[in-house]
Amino acid sequence: MVIEMVLELTREEQEMLDGKQGRATQKAMEIITALGEIYGAERLIPVSSVQIAGVSYHNLGEAGLEYLAEMAQDGRVRVLTTLNPAGMDLEEWKKHGISEEFARNQQRVIDAFAAMGVITTCTCTPYLIGNLPHYGEHIAWAESSAVCFANSVIGARTNREGGPSALAAALTGRTAEYGLHLDKNRLAQVTYEVEAELNGTDDFGLLGQVIGARTRKKIPYIRGILHATTEELKAFCASVATYGGVALFHMEGITPNRTPVPDDVGTVAQDDMDRAREELDDEGAEIDFISIGCPHASIKEIARIAELLDGKQVAEGKTVWITTARPTKDLAIKMGYYETIERAGAFLVSDACCAVAPLKGRFHGLMTDSAKACFYARGKNAFKTIIRDVEECLREATS
Amino acid sequence: MRFRGRKICKGKVVGEALVTSHDISFYGGCDPETGVIVEKGHELEGKSVAGKVLVFPTGKGSTVGSYVLYALKKAGRAPLAIVNRETDPVVAVGSIISEIPTVDSVPVEKIRTGQNVEVDADNGVVSILE
């Protein structure tokens, strides 16, 4: 049998491909080497961390679940591997209106991942809860917002993986060396001068929308941002990846990667920001759903939300989801934030998010601080949307 | 006629070609239960890919498309083989997890719907048998 390979494999990698380390590993290695061939990689490189997407049963369906179950028969992850959000809170799903049937199927998905040794975090912000690579580290992450954060804010290196390719990287501990793993593909291509004033996660999401829509896949070099919190950067990452497919950006004075500054310069003015906001504000949106935590809320955000909701009551006919990772929820319980939030009639939902939960038909209008959440609420759930800062969202919820 | 391409996923089969000059998005563009192309305005709209040597330029769309190919396989509605000009990662991963013989780097415009085609993916060769 003739197999033409540009890729050079080590003996261990060849053994995996030949099936000497089990069926799941073999299939995983077939995926990794095929991608390497397509992109002209010369070799595979070890990865130290994996983030897997394609976890919600809502997206995966029965066939996706079957694939996972098949891989779980003898597949075992070789590196630290964490999971994207599921379609529901794995413990409190019932009170959030999730059906028994969905819950059963969702749990089967989680069980299949757990059987492979995946840490079933179920969050889009793995970097906030213990899957935190360092600068220059090669990793294989899916979840576009986390990919963007890892590449840009942390300076780790990953391509935008899909669900099966991320799992394949986890089962082999390898990825093919191409794309953003290589220095030459990480340099900025367009400069954006930001002349607008930015305040809060909603503004940073809108900036991501403006730059994403303009730059598409070109790597932006962003100037003029004097200060950004981790929460604002995670909002920017989510949005710029959603609206533009950006997997890496440079932000002067804030992100660690080195690059020459491109001569091609565009400006982002207050006007552009206002227009972006208008685009996400649907006329006649009747708000009955308020969601914060896309990407998953940090403990700092939750502390502030608890403060804002303290002594208030969510209005009748409105539902509030604050979505976060389970370890963050546990911390919120310990600190009394959970109690305050739930007493106000809002839900602190872990493991899930409003983009992947089965919510279609349950609500009409979403108010959120997240530009990314607006995109999925419209596209997948046919909700109308309004984007506001966190304070305004909670005011709407309680009035 | 014989084309020397590149193996994406192993296997060797003979079957009837279904050819399109349009790219295919399996997620949203192909019914995972029937194999019928449902994308509005697609050249193959209403046609089933099941059991065919499916010939198209390249894939497009969401990474969930890989799982759609897998669903087709499980439903017995998958293409017999795939021949592309350039296989995109979504289709490549889908072919591998579903074990659909796949070859790319083939001049797809030279193959006609209805022709009897041998796909020898192991050797990266596609032959029109007529």
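Residue numbers start from 1 in every chain, and the chains themselves are labelled A, B, ... in the order their sequence lines are given, proteins ahead of strands.
- Comment: E13(A) does not engage R43(A) in a salt bridge, judged by the lack of any side-chain N to carboxylate O separation of less than 4.0 angstrom.
- Looking at S66(B), its side chain does come within 3.5 Å of a backbone N or O of V90(B) through a donor-acceptor pair.
- Under the side-chain contact (heavy atoms from CB on, under 4.5 Å) criterion, E99(B) pairs with R23(A), K27(A), not counting sequence neighbours.
- For chain B, no part of L65(A) is nearby; none of its heavy atoms comes within less than 4.5 Å.
- Between the side chain of T33(A) and the main chain of M29(A), a donor-acceptor pair closer than 3.5 Å is present.
- Checked for salt-bridge contact, R108(A) and E62(A) meet the test: a charged N lies under 4.0 Å from a carboxylate O.
- Under 4.0 Å is where a charged nitrogen must lie from a carboxylate oxygen, and between R174(A) and E12(A) at least one such pair does.
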task = Test salt bridge (Lys or Arg N to Asp or Glu O under 4.0 Å) on E70(A) and K74(B) and set out the steps.
result = CA-CA 12 Å; E70(A) 199 184 305; K74(B) 289 285 160 181; 3.7 Å; yes
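- Heavy-atom neighbours of chain A within the stretch residues 37-56 of chain B, taken at a separation under 4.5 angstrom, are nonexistent.
- S370(A) places a side-chain N or O within donor-acceptor distance of the main-chain N or O of K372(A), the cut-off being under 3.5 Å.
- Applying the salt bridge (charged side-chain N to carboxylate O under 4.0 Å, His left out) rule to R85(B) yields the partners E109(B); only residues at least two apart in sequence or on another chain are considered.
- Close approach to chain B, defined as a heavy atom under 4.5 Å from one of its heavy atoms, is seen in no residue of residues 141-149 of chain A.
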